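Reviewing the structure listed below.
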Amino acid sequence: MSEPISDSRIPRLAVGCRVRTVSPDEAMLLVPEGALRLKGAASEIIGLIDGQRSVEAITIELQQKHATTDSSQITAEVKQFLDKLHARSVLLYKD
């Protein structure tokens with residue numbers, strides 16, 4: 001089991017990975033071995049990964065955008081999604 005990711009860490013896509021926006025609600029994550037179609041929250045989260053924003057900044061931005069949604073749910077979804085990308089070596093962190 002991996003360690004929990006600190007909110008202050010800054011996620012960035014791994015070399016060879018990039019995002020292509022398909023529509024406002026859909027993006028394609030292009031990875032060396034294929035592509036992942038991302039919709040809804042996943043599309044929003046990946047759109048905020050710019051190598052500058054921390055996990056906390058991404059979470060706060062989504063909480064502000066979706067103020068009527070339970071903030072703890074957004075926090076959990078962001079961390080879960082980033083953990084999945086990190087486990088697939090699609091996402092790296094810089095401190």
Side-chain angles (χ1 to χ4, degrees):
M1 180 175 237
S2 63
E3 292 182 32
I5 300 299
S6 166
D7 288 350
S8 65
R9 297 193 80 187
I10 299 172
R12 64 176 176 82
L13 293 177
V15 174
C17 300
R18 60 189 169 98
V19 176
R20 189 179 85 197
T21 302
V22 177
S23 72
D25 298 327
E26 185 176 348
M28 295 292 292
L29 175 58
L30 306 171
V31 297
E33 66 273 4
L36 301 170
R37 176 175 278 170
L38 306 174
K39 294 182 177 182
S43 177
E44 287 188 74
I45 296 166
I46 203 78
L48 295 174
I49 296 172
D50 59 3
Q52 303 295 315
R53 292 180 178 99
S54 66
V55 173
E56 181 179 31
I58 291 169
T59 303
I60 289 171
E61 193 162 330
L62 290 171
Q63 288 171 338
Q64 290 172 342
K65 183 176 179 182
H66 302 284
T68 59
T69 302
D70 180 8
S71 62
S72 64
Q73 179 184 344
I74 292 172
T75 300
E77 286 182 12
V78 168
K79 289 185 176 186
Q80 185 178 43
F81 180 69
L82 295 180
D83 284 347
K84 285 181 181 177
L85 293 182
H86 185 65
R88 293 183 70 166
S89 300
V90 172
L91 187 79
L92 305 173
Y93 288 97
K94 63 180 183 179
D95 293 314

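Computed from a prediction, not measured in an experiment: that's the story for all the values here.
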**Item:** Pairwise distance CD(Gln64) to OG(Ser71) - rounded to 0.5 angstrom
**Value:** 11.5 Å

**Request:** Report yes if some heavy atom in the side chain of Lys84 is under 4.5 Å from a heavy atom in the side chain of Val90; otherwise report no.
**Result:** no

**Message:** To the closest 0.5 Å, what do you measure between NZ (Lys79) and NE2 (His86)?
**Reply:** 14.0 Å

**Straight-line distance of Ile74 CD1 to Glu44 CD, nearest 0.5 Å** = 8.5 Å

**Request:** Quick one: pull up CD in Gln80 and CG in Leu85 and give me the separation to the nearest 0.5 Å.
**Result:** 11.0 Å

Which pairs would a plain distance check flag for residues 50-62, meaning a side-chain donor or acceptor within less than 3.5 Å of a matching protein atom at least two apart in sequence or in another chain?
residue, atom, partner, partner atom, Å
Asp50, OD1, Gln52, N, 2.8
Asp50, OD1, Arg53, N, 2.8
Asp50, OD2, Arg53, NH1, 3.0
Arg53, NE, Glu61, OE1, 3.1
Arg53, NH1, Leu48, O, 3.1
Ser54, OG, Glu56, N, 3.4
Ser54, OG, Ala57, N, 3.0
Thr59, OG1, Val55, O, 2.9

**Request:** Could you check if a side-chain atom of Ile46 sits within less than 4.5 angstrom of a side-chain atom of Leu36, using non-hydrogen atoms only?
**Result:** no

Give every donor-acceptor pair under 3.5 Å between a side-chain atom in residues 12-24 and any protein atom, sequence neighbours left out.
residue, atom, partner, partner atom, Å
Ser23, OG, Asp25, N, 3.4
Ser23, OG, Glu26, N, 3.3

**Asked** Are Asp7 and Thr75 side-chain neighbours, meaning at least one heavy-atom pair lies under 4.5 Å?
**Response** no

**Message:** Check for me, please, whether Leu82 and Val31 land in the same ILVMFWY cluster - side-chain distances under 4.5 Å, paths through other members count.
**Reply:** yes

